[in-house]
Amino acid sequence: MTGSDDFFKPSGSADDGFDPVASLPTDRIERALTFRTALINEATGGSMSSAVYKVLRAELLADPSLASLVPRFIRVCQDSGDFWQFIKAEYSTYAERRTYLREQFAPLMERIEQGASPSSTFITEGLQTFDAAEVHRVWSKAISRCEQDPEGAVTSARTLLESVCMYVLDGIDANTPLYGPGDDLPKLYRLTAEKLNLAPSQHTEQVFKQLLGGCVTVVEGVGAIRNRLGDAHGKGRRPVRIAARHAHLVVNLSGAMALYLVQTAAARGI
C-alpha cells in the first residue's frame, strides 16, 4: 500500500517511477480525504503533487452532485502553486490554515459520505445517453446549484424541460418548426406530449389518464414556481425565498420528466 506522504511529492520528481495519480485510492471518500490532507501538507511547509491537485480538482468540479460544495478556492486555484499563493496570503499561521481547510471541506465530505441521490444519479446517466450536449449541461447546472443557489436551480430546471421539449420536437420534424419562439413551457410540453402520445386525452384507461395528467401538473408547477421564485425576475421588498429542499424537489421532478420524454422519444425512434 502506498504511503499517504507519497501524494505530496512535487510533480515531476522521479522516485522509482512512482506515479502519484495512478496511486490515488479509488474510494470517493478516500480520494477527498487525500485531497484535503495533501492541501494541508502544502499549506504547512510541505508540498503536494500538482498533478494530483489537477486530477482531483477536475473530478470534483465535473460531478454535478458535488460541484456546488467544492470550496471556492479550489474553483479559483487551477494548480497547487495557485493554492499556495492563496493560502499564504490569507492565513499566516499553520493552525489557521489547518482549521480553514477542514472547515471548507466539511460540507463536501458530508455529502460524499451520505452519497448522491439515487434518483439524480439515474437521471444523470440517462441524460448522458441523449444526443444533446445542451440538455445534459443544463441538468448538471441545475443539480450543482441546488444547495448554494436554489433560485438559480429552479430556473435551470425549467430550462431543462424547455430544452428537452424543443429537441424532441425538432427530431420529429426538422424542416417545419412545431413551436414558436414565444411558446412557454406548458405549451411546449403539450405539443411534445401530443406528438409522443402522452397527452391524457389520448388514452382511455383511467390510471394512465391520471398518471399523464399528473405529468402535466408537474410541468405547469415547475413553470409557475420558476416565474414566482426563480432568479429570472426582480423581487420586491419582501421577496419569498426558496429553500434548498424545494430546489431539490423541483430539479428532481424536472429531471424525471426530462428523462421520461427522452426515453419515450427514443422508443418512438425519434
Side-chain angles (χ1 to χ4, degrees), residues 64 119-120 122-146 149-205 207-235 242 246-270:
S119 61
S120 66
F122 178 74
I123 294 168
T124 297
E125 293 173 352
L127 291 180
Q128 282 178 331
T129 66
F130 186 44
D131 187 22
E134 175 66 10
V135 168
H136 186 254
R137 185 192 69 80
V138 174
W139 165 249
S140 299
K141 185 176 181 180
I143 285 292
S144 68
R145 298 172 81 179
C146 284
D149 182 15
E151 294 175 351
V154 167
T155 298
S156 294
R158 173 169 173 162
T159 301
L160 170 69
L161 285 175
E162 289 174 338
S163 297
V164 167
C165 288
M166 289 176 180
Y167 272 98
V168 171
L169 292 171
D170 287 344
I172 293 172
D173 192 336
N175 297 318
T176 304
L178 299 177
Y179 58 91
D183 289 350
D184 60 8
L185 175 58
K187 183 172 183 180
L188 285 170
Y189 178 74
R190 286 196 298 271
L191 289 169
T192 305
E194 289 172 1
K195 295 297 182 181
L196 294 179
N197 197 35
L198 297 178
S201 61
Q202 294 172 312
H203 296 265
T204 56
E205 285 285 345
V207 65
F208 290 119
K209 291 176 73 70
Q210 184 177 2
L211 179 62
L212 295 174
C215 292
V216 174
T217 301
V218 167
V219 173
E220 291 179 345
V222 170
I225 197 171
R226 182 266 187 181
N227 288 337
R228 181 73 177 86
L229 302 176
D231 67 352
H233 300 286
K235 307 199 185 303
I242 184 170
H246 301 136
H248 280 290
L249 175 63
V250 173
V251 168
N252 279 287
L253 285 173
S254 299
M257 284 302 309
L259 183 59
Y260 181 50
L261 292 175
V262 165
Q263 291 178 333
T264 302
R268 303 276 195 274
I270 298 172

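All figures in this text were calculated on a predicted structure; none of them were measured in a lab. In this chain, residues are counted from 1 in sequence order. Hydrogens, waters and symmetry mates are skipped; everything else that's a heavy atom, side chains included, is used.
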For a quick test of reading the model, state the closest non-hydrogen atom pair linking Val222 to Ser254 and the distance between them.
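Reported closest heavy-atom pair: CG2-OG, 3.4 Å.
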According to salt bridge (charged side-chain N to carboxylate O under 4.0 Å, His left out), does anything in residues 248-265 pair up with another residue at least two apart or in another chain? List the pairs.
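Non-adjacent pairs meeting salt bridge (charged side-chain N to carboxylate O under 4.0 Å, His left out): zero.
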Find the distance between CH2 (Trp139) and CG (Leu161) and round it off to the nearest 0.5 Å.
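Taking CH2 in Trp139 and CG in Leu161, the distance rounds to 10.0 Å.
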List in chain and number order the residues that pass side chain to side chain contact (heavy atoms under 4.5 Å, CB included) with Asp173, two or more places apart in sequence or in another chain; answer none if no residue qualifies.
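Once residues adjacent in sequence are excluded, the partners of Asp173 under the side chain to side chain contact (heavy atoms under 4.5 Å, CB included) criterion are Asn175, Thr176, Leu178.
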Could you tabulate the donor-acceptor pairs under 3.5 Å formed by side-chain atoms of residues 208-215, not counting sequence neighbours?
residue : atom : partner : partner atom : Å
Lys209  : NZ   : Pro200  : O            : 3.2
Lys209  : NZ   : His203  : O            : 3.4

With side chains defined as the heavy atoms from C-beta onward, is the minimum distance between Leu261 and Cys165 less than 4.5 Å?
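Of all side-chain heavy-atom pairs linking Cys165 with Leu261, at least one is under 4.5 Å.
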Restricting to non-hydrogen atoms, name the atom on Asp183 and the atom on Leu188 that form the minimum distance, rounded to 0.1 Å.
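Reported closest heavy-atom pair: O-CD1, 3.9 Å.
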Can you name the closest pair of heavy atoms from Cys146 and Val251 and give their distance?
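Here Cys146 and Val251 meet closest at SG-CG2, 3.6 Å.
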For residues Ile270 and Gly171, report the shortest heavy-atom separation together with the two atoms involved.
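Taking Ile270 first and Gly171 second, the nearest heavy atoms are CG2-C, 3.8 Å.
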List for me each residue that meets side-chain hydrogen bond (donor to acceptor under 3.5 Å, both in side chains) alongside Tyr260, sequence neighbours excluded, and say none if there are none.
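Partners of Tyr260 by the side-chain hydrogen bond (donor to acceptor under 3.5 Å, both in side chains) criterion come out as none, since no residue qualifies.
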Contacts of type side-chain hydrogen bond (donor to acceptor under 3.5 Å, both in side chains), residue Asp170, not counting sequence neighbours:
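Only Tyr179 meet the side-chain hydrogen bond (donor to acceptor under 3.5 Å, both in side chains) criterion with Asp170.
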Arg145 backbone acceptor or donor facing Asp149 side chain under 3.5 Å
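Such a contact is absent between Asp149 side chain and Arg145 backbone.
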Going by side-chain hydrogen bond (donor to acceptor under 3.5 Å, both in side chains), name the residues that satisfy it together with His246, two or more places apart in sequence or in a different chain.
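So His246 forms no side-chain hydrogen bond (donor to acceptor under 3.5 Å, both in side chains) with any residue.
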Search all heavy atoms of Leu196 against all heavy atoms of Ala265 and return the closest pair with its distance.
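Closest heavy-atom pair between Leu196 and Ala265: CD2-CA, 4.0 Å.
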Going by side chain to side chain contact (heavy atoms under 4.5 Å, CB included), name the residues that satisfy it together with Leu249, two or more places apart in sequence or in a different chain.
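So Leu249 forms a side chain to side chain contact (heavy atoms under 4.5 Å, CB included) with Leu253.
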Ignoring hydrogens and geometry, is there a side-chain-to-backbone donor-acceptor pair from Glu151 to Ile242 under 3.5 Å?
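Flag not set: sc Glu151 to bb Ile242 has no pair under 3.5 Å.
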Under the side chain to side chain contact (heavy atoms under 4.5 Å, CB included) test, residues paired with Asp184 that sit two or more places apart:
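Testing Asp184 for side chain to side chain contact (heavy atoms under 4.5 Å, CB included), a comparison that skips the adjacent residues, returns Arg158, Pro186, Lys187.
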For the side-chain contact (heavy atoms from CB on, under 4.5 Å) test, which of Glu194, Met257, Glu162 pairs with Tyr189?
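Passing option: Met257.
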Does any pair with a residue in residues 254-266 pass salt bridge (charged side-chain N to carboxylate O under 4.0 Å, His left out), and if so which ones, sequence neighbours excluded?
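Listed once each, the pairs would be none.
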So how far is it from Leu198 CG to Arg268 CZ, rounded to the nearest 0.5 Å?
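Reported value, rounded in 0.5 Å steps: 6.0 Å.
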OG1 of Thr155 to CD1 of Ile225: how many Å apart, nearest 0.5 Å?
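Separation between the atoms: 10.5 Å.
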